[in-house]
There are 2 protein chains.
Amino acid sequence: MTKTTQQGSADFVPPAERIAVFDNDGTLWSEQPIYFQLAFALDRIMVLAPQHPEWKTTQPFKGVLDGDLKAVLATGEKGLMQIIAVSHVGNTTEEFEEIVKDWIASARHPTTKRPYTEMVFQPMLDVLTYLRTNGYKTYIVSGGGVEFMRPWVERAYGIPPEQVVGSRAKVKYEVRDGVPVLLRLPEIDLIDDKAGKPVGIHQVIGRRPVIAFGNSDGDFEMLEWTTNAKGPRLGVIVHHTDAEREWAYDRDSHIGQLARGLDEGPKRGWVIVDMKTDWKVIHPLQQ
Amino acid sequence: MTKTTQQGSADFVPPAERIAVFDNDGTLWSEQPIYFQLAFALDRIMVLAPQHPEWKTTQPFKGVLDGDLKAVLATGEKGLMQIIAVSHVGNTTEEFEEIVKDWIASARHPTTKRPYTEMVFQPMLDVLTYLRTNGYKTYIVSGGGVEFMRPWVERAYGIPPEQVVGSRAKVKYEVRDGVPVLLRLPEIDLIDDKAGKPVGIHQVIGRRPVIAFGNSDGDFEMLEWTTNAKGPRLGVIVHHTDAEREWAYDRDSHIGQLARGLDEGPKRGWVIVDMKTDWKVIHPLQQ
């Protein structure tokens, strides 16, 4: 690191070019047993259910209301998209922001019973602080929804809303009774995952990052784009290896699958972090 | 201004929320007699012409090659879109960046014969510096192409690439012989104009700005979105009134039309700047 911030060093990176990007799910916070944004969507279905009596008999909603996650997952991608659609759109951006803020303040993780914002990784908080101290701008570049992250990441990670890149719905500008709003539409504007990550980076940041952290093959192209250029470059993969303190999963996981990164990462000079042996603390409040 | 930066003031704006947005064409630099990006596109046609002998007999290209702007404009929006398409896409983002850098370094404005980057407005440079000194993040939010602006705005305005919002083409991530590139596609991803400006602001910045500067009705929704909220807000319209030192145009102009802003702006509390009487200097090197 010092090499990139010392004037005169062969690896010096000018302050303006010090951009570091971080995946969120599984890299900055946990992502098991289900993506936390999916937990938000399921909770949202419960809240909206009284207005939708038909959900009692229709999948995937029946499964959500019955707490039968298997029935939900059996509806496949189509069912999950229905859940995302009814839980994530149809409101204004400001209404959605309030919904997310309320949820993140009150929801608890199903197994640890802690607030989700306590499921962040202490060593990653340290990395973020260290990089910012050295003049790096830290960005989130996540497959998760940008509007799901912006309301709470500043407090959790010290990353402001304008430094969050994520998947997003289309929005439409409207003036309602003289009040301008941005309405969230049921149309996807960007899937910020896999080859979509360099695209999202280009759209929002417009420079190639110098440093990238990820944990799954969804981050492969982001690390490839970041590290495959002149000058000092750093790619890091967080490998979930600690079944006791967190979760252990990689090649065969339904979430955060990691195979190509393990196979090709070391050859490409990427650092593979072994959570079990490399991290003394995982979650901040963990003993 | 001091009101918003003094702790304890009723109008205090927390540093994180100090976002100021600026239109580019006609607000930060001139836009006559044709948008400077259109001048870039026309120059690009000249460069590419040897590879396209058919252009000698086909409009709108024939008009460009003959220097017959009337014939070009007669082809209407369809013709202009053809010019933008052949001049702006089909290359990688890094190739396009080099093309823009070369052009901005060598091209000259048709009437003043100065580099385009000397056609910026000195009073606006002063505003940008003043706001940044007071902790405001300054963003460009322009109908112009984001990739046309990013290569030179840092030097011209002190605004880094990641603080530029603009219209954009779709890009696609590809690995060519082991080298990752972003390819610029002939598809529009966002028209960052009119109601598209609040959308672009939301996508890239994710917070509502506190201050907005524009000059045409293409900026109306951006000023409306910025000023129609709680707390101190500032909307400013630069009115081109100086036919001698710059250009004078508003309601009937084919570029930068301004009618609704003049009619409704004052009622909405927006400041209308009269370039002729309010600005001692317009362009930096002007006597």
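Both backbone and side-chain heavy atoms feed into the values below; hydrogens, waters and symmetry mates do not. Sequence lines set the chain letters: A, B, ... in the order given, protein chains first and strands last, and positions in each chain run from 1.
Proximity to chain B (any heavy atom under 4.5 Å) is shown, for A/V146, by neither the backbone nor the side chain. Proximity to chain B is limited to the side chain of A/V175, based on heavy atoms less than 4.5 angstrom apart. For B/K137, the part sitting under 4.5 Å from any heavy atom of chain A is the side chain, from C-beta outward, and nothing else. Contact of B/E174 with chain A is not made at all, since no heavy-atom distance falls under 4.5 Å. With a 4.5 angstrom heavy-atom cutoff, B/L190 does not touch chain A via any of its atoms. Contacts of B/E94 with chain A are made by side-chain atoms alone, with heavy-atom separations under 4.5 Å and no backbone atom involved.
Considering only heavy-atom pairs separated by less than 4.5 Å from chain B, the leading option among A/G206, A/P160, A/A229, A/A16 is A/G206. Ranking A/I19, A/D189, A/V179, A/V165 against chain B, the residue ahead of the rest is A/D189, based on heavy-atom pairs under 4.5 Å. Annotation: maximal heavy-atom pairing with chain A below 4.5 Å, among B/Q203, B/E97, B/E221, occurs at B/Q203. When B/R208, B/Q163, B/K197, B/K170 are compared by the number of non-hydrogen pairs under 4.5 Å with chain A, B/R208 comes out ahead. Most heavy-atom pairs under 4.5 Å with chain B, from the set A/N228, A/V181, A/V164: that is A/N228.
Residue B/L185 qualifies as enclosed at atom CG: its count of foreign heavy atoms under 6.0 Å is above 12.
Counting heavy atoms from C-beta outward, B/L234 and B/T227 have side chains that stay 4.5 Å or more apart.
When every heavy atom of A/A41 is checked against every heavy atom of A/I84, the shortest pair comes out as CB-CD1, 4.4 Å.
Formation of a donor-acceptor pair under 3.5 Å by the A/D11 side chain with backbone atoms of A/T4 is not found in this model.
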Evaluation steps, salt bridge (charged side-chain N to carboxylate O under 4.0 Å, His left out), between A/E224 and A/R268: CA-CA 9 Å; A/E224 181 175 59; A/R268 290 168 179 252; 3.1 Å; yes
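Taking the six-membered ring for Trp and the full ring otherwise, the centers of A/W270 and A/F213 sit at least 6.0 Å from each other.
Checked against A/F36 for a ring-ring contact (aromatic ring centres under 6.0 Å, His included), the options A/W103, A/W152, A/Y116 give a single hit: A/Y116.
Between B/R184 and B/E147 a salt bridge is recorded (basic side-chain N to carboxylate O distance below 4.0 Å).
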